[in-house]
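Numbering of ligands and ligand atoms starts at 1, following listing order.
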Amino acid sequence: MTEAILEENEVSESDDTSAEQQHKWVYVFEEGNGENKSLFGGKGAGLSEMTRAGLPVPPGLIVTTEACNAYYDNNKQFPEGMWEQVVEALAEIEKKVGKKFGDSSNPLLVSVRSGAAFSMPGMMDTVLNLGLNEETVQGLAEQTGDLRFALDAYRRFASLFGEIVLDVAHEKFERVMDRFKAQTKGGKDTDLKPEELRGIIAAEKEIILAEQHAIPDDPYEQLRAAIAAVFTSWMGRRACGYRRINRIPDNLGTAVNVQAMVFGNMGANSGTGVAFTRNPSTGRKELYGEYLLNAQGEDVVAGTRTPNPIKELKKELPKVYEQFASIAQLLEKHYHDMQDCEFTIERGKLWMLQTRTGKRTGAAAVRIAVDMAQEKLIDRKTAVQRVTPEHLDQLLHPTVDPDAKAEVLATGLPASPGAAQGEVVFSPDEAEEMAKEGHKVVLVRLETSPDDFHGMVAAQAIVTARGGMTSHAAVVARGMGKTCVSGASAIDVDYSQQQFTVDGRVIPKGEWITVDGSTGRVFLGKVPTIQPQLGSDFHELMKWADKFRRLGVRANADTPLDAKTARGFGAEGIGLCRTEHMFFGDQRLAAMREMILADGVGAREKALEKLLPLQRGDFIGIFREMAGLPVTIRLLDPPLHEFLPNVDELLVELAELKMALRKRKTLADMDLLLDQIDEKRRLLDHVNKIREANPMLGFRGCRLGLLYPEVTRMQCRAIFEAAIIVKNERKQVSLEIMVPLVSVSEELKQQVDLINDVAREVMGEHGMKFDYMVGTMIELPRAALTAHKIAQHAQFFSFGTNDLTQTTFGLSRDDSGRFLPSYVDRKILSDDPFQVLDSEGVGELVRIGAERGRSVKPDLKVGICGEHGGDPRSISFCNEIGLNYVSCSPYRVPVARLAAAQATLETEAAEAKSKQTAKQAAQTL
Ligand code: ADP
Ligand code: MG
Ligand code: MG
C-alpha cells in the first residue's frame, strides 16, 4: 500500500525521467535537508543541514524512513534497489575521506545510527566502528600508528554489535570490561594495554559464540545486519510502548544514518562531548555541557568516567573550544532556537555529530524565548509560541527536584500540578487539627466530597485512590491551586486501620510522603522540591501574549482570596463566582442546613437571614479585590443534598448513639442521648425526604430559585447591598448576576423579574442607583438550541461546559472515572470530554447557542466557564467560534492568556498561508 503511493509520487514528481528509474531510498548528507524530518528523520535532517551549512560533519548517508516502511511491507526484506544505493553512496563517502570500507591497509569505519522524525528513547542504539575485523584492525593500527587505539575501537565494536545487532545482554560485556579493568593499575578503561584489549576482544567473541552467534567478518555483511537491526528496532517492544504513550503513529518509520567514524579515543588531544547552546534548566545564555578526553561515543552519557564541564575545554583545548563556541552560535542563528549538540575531537580537529532543538525546563523556555526576542533572533510572536502551556504550568508550581533520588510509591493522574509533602492523614477533621498544630499533612482519601473541603484546605496536597481528572478532589484542588493526584488505584486505603497499602507495603498515618501533581507520582518520604519563581521574563512574555490575543481571560473565583490570586495572575474579571462555595465552612454549613431543613417559607427565611450577612461580606471582599472589573455571580446551583450529611454516615452515627444509650451511666446522660437520637432521626428523615434518584438532573439550578424565591431574594439582596457598600467607598463595581441551569426561556424570565424586584427594593431603601446585568448559564442542550428565545431575557451567556458535557453525552462526570479512561485507551474517544471540549458535539452546541443568541442580540457577551476554560485546545476552539472570553481557575489564568494568544497567532498564520497559496495559484493561471 505504502509502496504504491510512493511509486505514484515518484512518477508524478519526475515525469521527465524514464519510467524505469528506481525509487530513491538513500541520500548522502549533501542531498538531504533540514525540513524533511519525516523522510530523513531528525538526526539525518540535522546532519544534512549542518553539512550544507559548511560545518565540519563526517560524511554520511541516510536510508530514508520510506525504506523502513517498505521493509515492513516487504516481509522484512530491503526494498528493491536499496542495498545497491547504500553501496553506491558508501563509495562516495570513501572518496570524500580517502579510505576504503573493508580495506586491509586503509579501512573506512562507520557508525550506524537510528533516527526517527521524533527523538525516541527505546529505539536502537548506535553501533560504532563498524567495518572492523581481524584484518582491518591491523590496517587501522598501521593507518593511525596507534595499536592501542585500534584495539580499543575493536573491543567497543564487538560489544556494541553483539549487544545491539545480535541481542546479547549488555551486562555480559560489561562484566568482561570490569574484570580486565580491575587488573590494571589505574582501574580505568584508558589504563588498558594492548594485550589486555586483545584479551577483552577474545572474551567478547566467546560470549557471542556461546549464544550461537558470530560477528560477520565481511564489513558489508556487518552493515547489512546493522541496518536491518535498526529497522527491526522500530517495531521492538520498547519503541512501540513509547509511541503508544506519546501518541506517535506506528507508520512513520525510522531512518538509518551511516556515517564515517571520527575518533575521540586517539589520545589526550581527542575527546567527545555534548553541549547545549544555552543552559537548559535556567535558560542562561552560556554553553552548557560536558566532555571527556580520550573517549568515544556514549562514554560521556554512560558515566564510564566523570566528564568535565564544557568550560574546562577552554583551558585544555582553547582553539577547539573557540571553534565549538562559534559553531554553537551559528547553529542558534540558523535554527533560531536553542540547540543540543554532540561533537567529537579527533587529534585536535572538531567534528559535529548531531544537532537538535534542546529540551528545556519551563523556566528556561520562558527566559530563552524572551532573550532571543530581545536579541532579535526571533520576533515576539515566535517567542510567545515557543513556550508551551506545560512549560508555564511548571513555572507556576513547585516541582520535584529532577535530580533527587526518590522511591515512587504509586502513580495516579496528574490532577492538579505542583509538588508538596506532608504527613499522611486520612480524615479531614484530623487534617485540620494537625495543620493548626503546625504539622504539614497530605490528605489521603478513597475519594473526596464537599464534606471534606476543610480538610483539603488544611492539607498540603491531596491523594485519592479513586476518581479521574475531573473528580471532586481534582476540580477543587485545581481551583485552590493545591497539588493533587487522583485515581492512584494502587493505593488501598483503610480508614479503620488509619493506613494505606501499596503492593503489600503499609504506610501508616504520620508517615511522610511527597506528592507530584504534575506527573501523578506519589513518593515515599520528603523529596526535595524546587520553588517557582516568576521573574521579569515571565511578565514580559505575558505582556506580549496579551497583545496578541483576542479572547478575554477571566477566572473562576469564589472568595476574596481567590479573586486576589486571579488578579495577580492577570485575570480580567471573574467569569464564575460559585455562591454555594461560600456555604461550606462550619458556621455557614450549619445555617445552610437549617435553611434546607426548614419547614415552610417562614422558617426558611429565618435561616436565610443568618446567611445574608455572610454572603454580603464575601461579595464586599470580592468587589474590592476586583476594583471595577466584571464579576459574574451565579445564584445557588447544586442539588441540596450536597450540603447535607450522607445517609450511611447518619445511620452509623445513630447506631452508635443507641449503643451509648445502653451503656449510659446517669439519668442526665440518658436525657442527653435521647435528645441527640431524636435530632439525628429528624435529620435522617429530612435527608431521606429530599433524596433524589438522580440529583444531577433533579431539584437544582434555577429550579431552586423558582420554587424557593426567598433564596434568590436573599442572594440578590446580599449582592446588591455589597455593591452599594463598595460603591460608597468610591470604588467601581461591575456586576453580573447569572441564573444557572435554564432550559426554558420562561424560567429565566421569572428569575429576572424577581432579581429586578429586589434591585428596585434595595435601590429604594438606600436611595441610590447601581448598574447590573442579568444573564444565564447555557449548560443544557435545550438551552443551546433555544438560545434565541433565552437571549431575549439575557444580557450575557456563559456556557457551563461541565454540565453541558454531562447532559450532551448523558454521562455523569462523577461516575465516568470507571470507564472513560478505557474509552480513551481504545480510541472510542480521542480525549476525556471533561478535560478537552468535545468540539464535534458539545462544541457544536456552544457554537449554535452563541449564534442563535447573537441572532437576536448581536452584542450579546458570550463566554465559557468550566474546566475547559483552562485547557489550551478548548481555548483554541472558543477563539475559533468567536466567544468573548474564557474563565478558568486562578492558577490557570497565565496558561489561558498564553493559549489564547497562541490560538490567534495560529489562525493568523493559517490565514496568511492560505492567502499566499491563493496568490500563487492566481499567478500560475
Ligand atoms: P543517540 O541517538 O542515542 O544519541 P547517536 O547516534 O547520536 O545515538 O550516537 C551515540 C554516540 O555515538 C554519540 O555520542 C555520537 O556522538 C557518537 N557517534 C555517532 N556516530 C559517530 C561517528 N561517526 N563518529 C564518532 N562518534 C559518533
Ligand atoms: Mg545522539
Ligand atoms: Mg452547571
Side-chain angles (χ1 to χ4, degrees), residues 28-29 37 40-47 50-51 55-63 90 93-94 96-97 99 101 107-132 140 144 149 152-153 156-157 159-161 163-165 170 223 226-227 229-230 233-234 236 238-239 242 254-266 270-276 289-305 307 310 324 339-347 349-359:
V28 290
F29 291 163
K37 278 192 195 170
F40 301 124
K43 205 175 279 168
L47 288 165
M50 287 197 291
T51 305
L55 298 183
V57 177
L61 62 89
I62 307 165
V63 185
L90 197 59
I93 298 172
E94 288 174 333
K96 279 177 209 146
V97 295
K99 297 176 188 171
F101 196 54
L108 166 71
L109 304 190
V110 296
S111 62
V112 178
R113 321 171 66 184
S114 65
F118 300 88
S119 114
M120 239 178 65
M123 290 279 302
M124 195 199 83
D125 298 306
T126 297
V127 182
L128 299 175
N129 309 329
L130 188 132
L132 283 174
L140 184 65
T144 56
F149 153 75
D152 186 53
R156 288 171 190 269
F157 166 66
S159 65
L160 284 171
F161 195 93
E163 182 191 330
I164 294 163
V165 184
H170 172 75
L223 183 58
I227 293 174
V230 176
S233 76
W234 174 255
R238 273 190 304 162
Y242 179 83
T254 178
V256 187
N257 305 283
V258 179
Q259 188 176 24
M261 283 302 302
V262 287
F263 302 103
N265 52 336
M266 294 189 82
S270 300
T272 182
V274 290
F276 293 83
E290 295 175 326
Y291 72 99
L292 264 179
L293 290 187
N294 201 8
Q296 195 176 34
E298 306 226 281
D299 289 353
V300 174
V301 198
T304 317
R305 278 171 275 148
I310 193 91
F324 181 67
Q339 296 293 299
D340 165 3
C341 325
E342 289 174 5
F343 63 91
T344 279
I345 307 156
E346 181 180 302
R347 289 181 165 159
K349 175 161 172 47
L350 176 69
W351 294 96
M352 297 302 294
L353 287 170
Q354 191 171 340
T355 189
R356 61 182 158 198
T357 303
K359 292 220 163 51

request  = Please state which part of Q354 comes within less than 4.0 Å of ligand 1, counting heavy atoms only: side chain, backbone, both or neither.
outcome  = side chain
inquiry  = I'd like to know if the Mg ion (ligand 2) has an N/O/S atom from Q354 within less than 2.8 Å of it, counting both backbone and side-chain atoms.
reply    = yes
inquiry  = Using a 6.0 Å cut-off, check whether atom NZ of K37 has over 12 heavy atoms from anything other than its own residue.
reply    = no
inquiry  = Can you classify the ring geometry of F343 versus F324 as parallel (below 30°), tilted (30 to 60°) or perpendicular (above 60°)?
reply    = tilted
task = Determine whether the side chain, the backbone, both or neither of V274 has a heavy atom under 4.0 Å from any heavy atom of ligand 1.
result = neither
query = Side chain or backbone of E342 under 4.0 Å from ligand 1, or both, or neither, by non-hydrogen atoms?
reply = side chain
request  = Can you sort out which atoms of ligand 1 are near T126, meaning under 4.0 Å from one of its heavy atoms?
outcome  = 5 (P), 6 (O), 8 (O), 9 (O), 10 (C)
query = Q296 and side-chain hydrogen bond (donor to acceptor under 3.5 Å, both in side chains): which partner among D152, T344, T272, N129?
reply = N129
query = Quick one: does ligand 1 sit under 4.0 Å from the side chain of V262, the backbone, both or neither, non-hydrogen atoms only?
reply = both
message = Less than 4.0 Å is my threshold; does some heavy atom of L128 fall inside it relative to ligand 1?
response = yes
message = Could you work out, for atom 23 (N) of ligand 1, the closest of G46, C341, P58, A260 by heavy-atom distance?
response = A260
ask   = With distance as the sole test, does T355 use its side chain to make a donor-acceptor pair with the main-chain N or O of C341 at under 3.5 Å?
value = no
request  = Using a 4.0 Å heavy-atom threshold (strictly under), name the region of Q296 that reaches ligand 1: side chain, backbone, both or neither.
outcome  = neither
task = Give the atoms of ligand 1, by number and element, whose distance to some non-hydrogen atom of K43 is under 4.0 Å.
result = 1 (P), 2 (O), 5 (P), 6 (O), 7 (O), 8 (O)
request  = Tell me, yes or no, whether the heavy-atom count around K359 atom NZ, taken from other residues, nucleotides or ligands under 6.0 Å, exceeds 12.
outcome  = no
ask   = Is a side-chain donor-acceptor pair under 3.5 Å present for D340 with Q354?
value = no
Results of salt bridge (Lys or Arg N to Asp or Glu O under 4.0 Å) for E342 - residues two or more places apart only = R113
note = Which atom of E342 is nearest the Mg ion (ligand 2), counting N, O or S only? It is OE2
message = Among residues at least two apart in sequence or on other chains, which ones pass salt bridge (Lys or Arg N to Asp or Glu O under 4.0 Å) with E346?
response = none
message = Side chain, backbone, both or neither: which applies to S114 and ligand 1 if a contact is any heavy-atom pair less than 4.0 Å apart?
response = neither
